[in-house]
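Below: the structure, in structure tokens.
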Amino acid sequence: MDSGQPLFSKGMKFNTEQDVDLEELCPVCGDKVSGYHYGLLTCESCKGFFKRTVQNNKKYVCAENKECRIDKDQRKRCPFCRFQKCLYVGMRLEAVRADRMRGGRNTFGPMYKRDRALKQQRKALIQAGSFSLESSPALVYSANQIDTGGLQPDSILHPSYFVHNSPLPTAQVSYQRSSLCSPGSSHDQSPQDAAEGLYTNPDKPDSSSPQGPKMPQLVTEFLLCDPDELQLQTKISARLQQEQTSWRKHGNTSTFRLLCLMADQTLLSIVEWARTSIFFRQLKVSDQMKLLYSCWSELLILDIISRQVLYGKEGSLLLVTGEEVHFSNIPFHAGPTLYSLIQRGLKLVEKLHILKVDRQEFACVKFLILFNPDVKDLEEHQFVERVHEQAKGALLEYTLCNLGHFTHLLLCLSELRSLSTLAEDYLCCRNLSGEMPCNNLLIEMLHAKCSMP
DNA sequence: GTAGCCTTGATC
DNA sequence: GATCAAGGCTAC
């Protein structure tokens, strides 16, 4: 018998250096965590559940309305909602090994190490008693304001997780220190109050804004939520390189597989952006999931398109990895749907280019898409509607009340929606013909959207 | 099917 | 050699 592992069963797996982990609760069901599993700290039962589901490619159906509460006592009742929650909190499909090889370490090692270091840092801060309102207002804001949907304070979905545990992009750190920290901002407010509070006085210029006095404050806030493009590029490139090396070993490389993985990684970054974004993180988890399931494809296409408009060169496609692919190298023989998608996408890029849409406007558009009040059965429908209106107002103000420009932008949004529907259909077809790689977030999103009311 | 315990093996 | 996150086994 291995001398190290059995200690776990006796509750001794974590030494004093790691005992901070023992205090954590499983982000899926709230049970005690037993270690890092498939990307984050979870309990033993959710680890096993996730493994069984992915390995056996299980498909569940929810007998209720896909909003079942998942806790320690009820986690067995609805595997559909449990698996959705596993994915939502960040359990990684790709960490389940297709070859079922035992032992060893996966590529998440450094991520676990970073997470541990951050938790240690947090523990040290708590012990030092430095969490005063003045020194860490973002934490106070989070803890007071956000409906955690019944989750424990140490859950990955709890706002304090985002503040302390997520590898936030640099812009986000600035955001934590900006308006939310200022006196009279959103402490102790309801989500509704917060939505209004940040944008109650558009006439008053935001002097702290680095973009100058004409920038509406809300646009600045939206912009600060955006991840750093270079960091994203590095992260996704590294991930793709690892995957390609592994594929070459098994002799199963294909351009389509690579594109799926690229889209998958981009989607992960989009989910991470949403979860850490202003307003969105104040929503109940069930509403967050509904909104994301409804708009993931639009956000994915917008991500690709905005990259071309902001950083791309004429005649080539700029990938999220920073690589440029000349149009002559894009396989136009790939089928009529893909061909049509590319052509329409290019036209939209051209339109947005002519309109000179900038980062600020794209940041607003992302929020307009995310906070879609037409999504059914939202618990906080009013809040979503209000954020949508606020985002629209901020965009209009930013475009200097140029109704023509604003209307053109909104028209582009409807074309974007149509494109995303086409893209989903295309992916569904490829999936049905068994061409999509396994353990892909894209597929999960497709399934989730198909099963939405 | 679930979940607690056990084995494995790459990495440190 | 120790660690620990994978997969496996098995009582329930």
Side-chain angles (χ1 to χ4, degrees), chain A residues 1-64 66 68-87 89-120 123 152 154 156 165 167 238-239 241-243 245-250 268 437-441:
Chain A
M1 192 176 73
D2 178 72
S3 58
Q5 187 54 36
L7 294 177
F8 154 66
S9 54
K10 294 170 192 162
M12 292 170 66
K13 187 181 180 187
F14 299 100
N15 58 26
T16 46
E17 198 191 356
Q18 293 164 329
D19 61 358
V20 66
D21 294 349
L22 275 177
E23 297 157 17
E24 298 250 349
L25 297 171
C26 174
V28 181
C29 69
D31 202 353
K32 267 188 191 170
V33 304
S34 66
Y36 283 93
H37 306 297
Y38 309 112
L40 63 145
L41 286 169
T42 73
C43 69
E44 196 63 16
S45 70
C46 287
K47 165 199 155 189
F49 169 77
F50 190 76
K51 180 184 71 176
R52 286 192 301 276
T53 304
V54 179
Q55 279 183 341
N56 304 325
N57 195 23
K58 298 234 177 249
K59 296 281 174 266
Y60 306 116
V61 176
C62 176
E64 301 289 325
K66 303 180 188 74
C68 304
R69 186 184 178 86
I70 305 297
D71 57 27
K72 196 185 170 190
D73 299 323
Q74 299 186 63
R75 64 192 175 198
K76 282 195 265 189
R77 284 195 186 172
C78 182
F80 177 90
C81 291
R82 189 181 187 183
F83 189 57
Q84 292 304 313
K85 196 166 173 189
C86 284
L87 292 172
V89 299
M91 291 183 82
R92 309 288 285 265
L93 293 160
E94 65 267 34
V96 180
R97 296 170 185 167
D99 57 6
R100 296 199 168 202
M101 208 194 62
R102 300 173 75 178
R105 298 275 164 85
N106 60 20
T107 53
F108 297 113
M111 191 173 92
Y112 297 147
K113 204 175 168 184
R114 247 195 335 267
D115 193 57
R116 276 207 182 91
L118 281 161
K119 283 179 170 58
Q120 282 297 322
K123 194 185 176 190
Q152 299 298 326
D154 273 347
I156 193 167
N165 299 359
R239 175 86 188 90
Q241 250 175 1
Q242 282 170 354
E243 203 63 32
T245 313
S246 153
W247 288 350
R248 279 195 202 104
K249 275 185 198 163
H250 298 95
L268 274 171
C438 297
N439 302 354
N440 193 294
L441 184 61

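Each chain gets a letter, A, B and so on, in the order the sequences are listed, and its residues count up from 1.
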Can you tell me the distance, in whole Å, between the CG atom of A/N56 and the C1' atom of C/dG8?
12 Å

Taking only side-chain N and O atoms of A/Q55, does any of them lie within less than 4.0 angstrom of OP1 or OP2 on C/dG8?
yes

Respond yes when some side-chain nitrogen or oxygen of A/R100 is under 4.0 Å from OP1 or OP2 of C/dG8, and no when none is.
yes

Length of the CZ-P vector between A/F83 and B/dG1, whole Å
15 Å

For atom NZ of A/K32 and atom P of B/dG4, their distance in whole Å
11 Å

Less than 4.0 angstrom between a side-chain N/O of A/Y38 and OP1 or OP2 of C/dG7, yes or no?
yes

C/dT3, OP1 or OP2 - any side-chain N/O from A/Y112 closer than 4.0 Å?
no

May I have the distance from A/L93 (atom CG) to C/dA6 (atom P), rounded to whole angstrom?
13 Å

Looking at A/K47 and C/dG7, is any side-chain donor or acceptor paired with a base atom of the opposite kind under 3.5 Å?
yes

Whole-Å gap separating P (C/dA5) and NE2 (A/H37):
7 Å

So A/R82, base contact, sugar-phosphate only, or nothing? Heavy-atom distance under 4.0 Å.
sugar-phosphate

Assign A/K72 to base, sugar-phosphate, or nothing according to its heavy-atom contacts below 4.0 angstrom with the strands shown.
nothing

Provide, to the nearest angstrom, the distance between the CZ atom belonging to A/R102 and the P atom belonging to C/dC4.
19 Å

Of all the nucleotides listed (B/dT2, B/dC5, C/dG7), which has the minimum atom distance to the side chain of A/E44?
B/dC5

Could you walk me through whether A/D73 and A/R75 pass the salt bridge (charged side-chain N to carboxylate O under 4.0 Å, His left out) test, one step at a time?
CA-CA 6 Å; A/D73 299 323; A/R75 64 192 175 198; over 6 Å; no

Could you go through A/F49 and A/Y60, starting from their C-alpha distance and side-chain angles, then the distance that decides it, and tell me whether this counts as ring pair (Phe, Tyr, Trp, His ring centres under 6.0 Å)?
CA-CA 12 Å; A/F49 169 77; A/Y60 306 116; 5.8 Å; yes

Is any side-chain N or O of A/K58 under 3.5 Å from a base N or O of B/dG1, one able to act as donor and the other as acceptor?
no

Do A/L41 and A/Y36 come close enough that some side-chain heavy atom pair is under 4.5 Å?
yes

Taking CD in A/E64 as the centre, count heavy atoms belonging to other residues, nucleotides or ligands within less than 6.0 Å. Is the count above 12?
no

A/R92 has an atom CZ; how far is it from atom P of C/dA5, in whole Å?
15 Å

Shortest side-chain distance from A/R97, nucleotide among C/dA5, B/dA3, C/dG7
C/dG7

Please classify the nucleic acid contact of A/R52 as base, sugar-phosphate, or nothing, using heavy-atom distances under 4.0 Å.
base

Can you find a heavy atom in the side chain of A/L25 that is under 4.5 Å from one in the side chain of A/V33?
no

Whole-Å distance separating the CD atom of A/Q74 from the P atom of B/dT2
15 Å

